[in-house]
Amino acid sequence: MRISGSANEPYRLIQVRKTHPSYWTEAVGVMTKLPLLYHDSVSLGHGGRVALRANVEIPAERSRGRYQSLDFVTTHLHHERHDQDIRLDQAMQMVVLNERRRIPCR
């Protein structure tokens with residue numbers, strides 16, 4: 001019940017798989033009960049790594065009656081210590097998420 005939620009407030013899972021064929025069983029994801037407005041993803045390279053953004057709506061009673069939304073971003077960055085430039089490049093690619101077309105979820 002904790003995972004599936006209730007009939008009135010089910011959880012929603014948004015996920016994106018890694019793009020490299022050797023890692024097709026790996027993914028990143030966001031699970032939420034909040035209303036999902038849109039989601040987007042970007043390929044980060046280096047082992048098929050990806051970043052996923054999910055934008056959710058904050059309930060009016062929690063946001064003082066004003067419309068507000070919140071972005072959740074999840075990723076698995078390159079982990080080699082000697083490749084800091086790769087991690088920086090991947091972080092900069094995630095900035096692109098703000099400039100790309102959003103996929104509406106309603």
Side-chain angles (χ1 to χ4, degrees):
M1 186 62 172
R2 287 180 13 208
I3 293 174
S4 64
S6 70
N8 296 332
E9 298 182 75
Y11 281 94
R12 180 139 183 208
L13 174 64
I14 307 92
Q15 61 185 352
V16 61
R17 288 185 182 189
K18 287 187 172 181
T19 58
H20 193 281
S22 298
Y23 303 104
W24 68 272
T25 59
E26 296 179 20
V28 295
V30 173
M31 187 166 63
T32 181
K33 286 176 103 174
L34 296 172
L36 183 64
L37 300 175
Y38 61 83
H39 61 88
D40 200 359
S41 64
V42 64
S43 175
L44 301 175
H46 304 283
R49 288 176 167 78
V50 293
L52 169 67
R53 173 180 61 175
N55 182 264
V56 297
E57 183 177 351
I58 305 296
E61 64 273 7
R62 302 233 172 146
S63 61
R64 299 181 186 168
R66 298 175 302 175
Y67 170 80
Q68 291 185 352
S69 66
L70 180 66
D71 279 342
F72 285 94
V73 178
T74 182
T75 188
H76 175 197
L77 297 176
H78 186 67
H79 63 280
E80 296 293 329
R81 194 175 267 195
H82 62 276
D83 290 333
Q84 293 299 315
D85 289 343
I86 292 173
R87 289 175 64 91
L88 177 60
D89 181 57
Q90 289 175 324
M92 295 307 294
Q93 288 180 58
M94 287 190 292
V95 173
V96 172
L97 286 174
N98 284 328
E99 300 171 4
R100 292 184 55 193
R101 183 178 156 265
R102 297 168 177 173
I103 304 167
C105 294
R106 291 188 182 196

**Prompt:** Taking only residues two or more places apart in sequence or in another chain, which ones pass side-chain hydrogen bond (donor to acceptor under 3.5 Å, both in side chains) with S69?
**Reply:**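 S69 satisfies side-chain hydrogen bond (donor to acceptor under 3.5 Å, both in side chains) with N55 only.
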**Asked** Who are the side-chain hydrogen bond (donor to acceptor under 3.5 Å, both in side chains) partners of Q15, not counting sequence neighbours?
**Response**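 By the side-chain hydrogen bond (donor to acceptor under 3.5 Å, both in side chains) rule, Q15 matches no residue at all.
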Heavy-atom closest contact ([X] atom, [Y] atom, distance):
{"X": "V30", "Y": "L52", "value": "N-CD2, 4.0 Å"}
{"X": "S43", "Y": "T19", "value": "OG-OG1, 3.7 Å"}
{"X": "R17", "Y": "A27", "value": "CA-CB, 3.8 Å"}
{"X": "P59", "Y": "L34", "value": "CD-CD2, 3.7 Å"}

**Prompt:** Mind checking whether L36 and V56 have side chains closer than 4.5 Å, heavy atoms only?
**Reply:**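 The answer is yes, as the side chains (C-beta and beyond) meet within the 4.5 Å cut-off.
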**Message:** I'd like to check L44 versus V42 (side-chain heavy atoms, cut-off strictly below 4.5 Å). Are they in contact?
**Reply:**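 They are in contact (side-chain heavy atoms under 4.5 Å apart), so the answer is yes.
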**Prompt:** Does R49 reach the main-chain N or O of H76 with its side chain, forming a donor-acceptor pair under 3.5 Å?
**Reply:**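 Between the backbone of H76 and the side chain of R49 there is a qualifying donor-acceptor contact (under 3.5 Å).
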**Asked** Does R87 have any side chain to side chain contact (heavy atoms under 4.5 Å, CB included) partners at least two apart in sequence or in another chain, and if so, which?
**Response**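 Here the qualifying residues are L77, H78, Q84, Q90.
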**Prompt:** When rounded to the nearest 0.5 angstrom, what distance separates CG in D40 from CG in D71?
**Reply:**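 Taking CG in D40 and CG in D71, the distance rounds to 10.0 Å.
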**Request:** List in chain and number order the residues that pass ring pair (Phe, Tyr, Trp, His ring centres under 6.0 Å) with Y23, two or more places apart in sequence or in another chain; answer none if no residue qualifies.
**Result:**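 Applying ring pair (Phe, Tyr, Trp, His ring centres under 6.0 Å) to Y23 gives H20.
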